[in-house]
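Report on one structure; see the data block that follows.
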Amino acid sequence: MDTPSTSSLDEPYRVALRAFFDQGLAASLQVARAIGEAAVSLKFETLDLARTHERALTALLDPADSQNARESLTQSAADFFADATVAIE
């Protein structure tokens, strides 16, 4: 179950993930790791961050986009998540 403070990272995570989608890999490491450090300061575990990631990705995926576009964004989001979890691991 989510810790009470888990939702506190939802908006910053969604904004950072959207910026990553818009700016690409160059923005990834710095932004994702900053999110990871914020997660650590909130005492998140990997599962907490995964839930935050899932909520952000769900909010950002557009059902009107093609399946290929959604799959591409999902794969990019997985890369972002991997970078964000570095601080937790």
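Contact between Phe44 and Leu9 at its shortest, heavy atoms only, is CE2-CD2, 3.8 Å. Minimum interatomic distance between Ala56 and Arg14 (heavy atoms only, all atoms of both residues): CB-CA, 3.9 Å. Heavy atoms only, all atoms of each residue included: Ser8 and Leu42 are closest at OG-CD1, 3.4 Å. Looking at every heavy atom in both residues, Ile35 comes nearest to Tyr13 through CG2-CD1, 3.3 Å.
By the rule that hydrophobic residues join a cluster once side-chain heavy atoms approach within less than 4.5 Å of another member, Val31 and Val15 end up as members of separate clusters. Linking Ile, Leu, Val, Met, Phe, Trp and Tyr residues whenever their side-chain heavy atoms come within less than 4.5 Å places Phe20 and Leu60 in a single cluster.
Separation of atoms CG (Asp48) and NE2 (His53) is listed at 14.5 Å; rounding is to 0.5 Å. Within the model, atoms CG of Asp65 and CD of Glu71 stand 12.0 Å from one another, a figure rounded to the nearest 0.5 Å. How far CZ of Arg33 is from CD of Glu37: 9.0 Å, rounded to the nearest 0.5 Å. The CZ atom of Phe21 lies 5.5 Å from the CG atom of Leu57; values are rounded to the nearest 0.5 Å. For the atom pair OG1 (Thr74) and CZ (Arg70), the distance works out to 8.5 Å, reported to the nearest 0.5 Å.
The backbone N or O of Ala69 lies less than 3.5 Å from a partner atom in the side chain of Ser66, making a donor-acceptor pair.
Within 6.0 Å of CD in Glu45 there are 12 or fewer heavy atoms belonging to other residues, nucleotides or ligands.
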When the side chains of residues 78-89 are checked against the rest of the protein, which donor-acceptor pairs come out under 3.5 Å, sequence neighbours left out?
from  : atom 1 : to    : atom 2 : distance (Å)
Asp79 : OD1    : Gln75 : NE2    : 3.4
Asp83 : OD2    : Ser28 : OG     : 2.8
Thr85 : OG1    : Phe81 : O      : 3.4
Thr85 : OG1    : Ala82 : O      : 3.0
Glu89 : OE2    : Thr46 : OG1    : 2.7

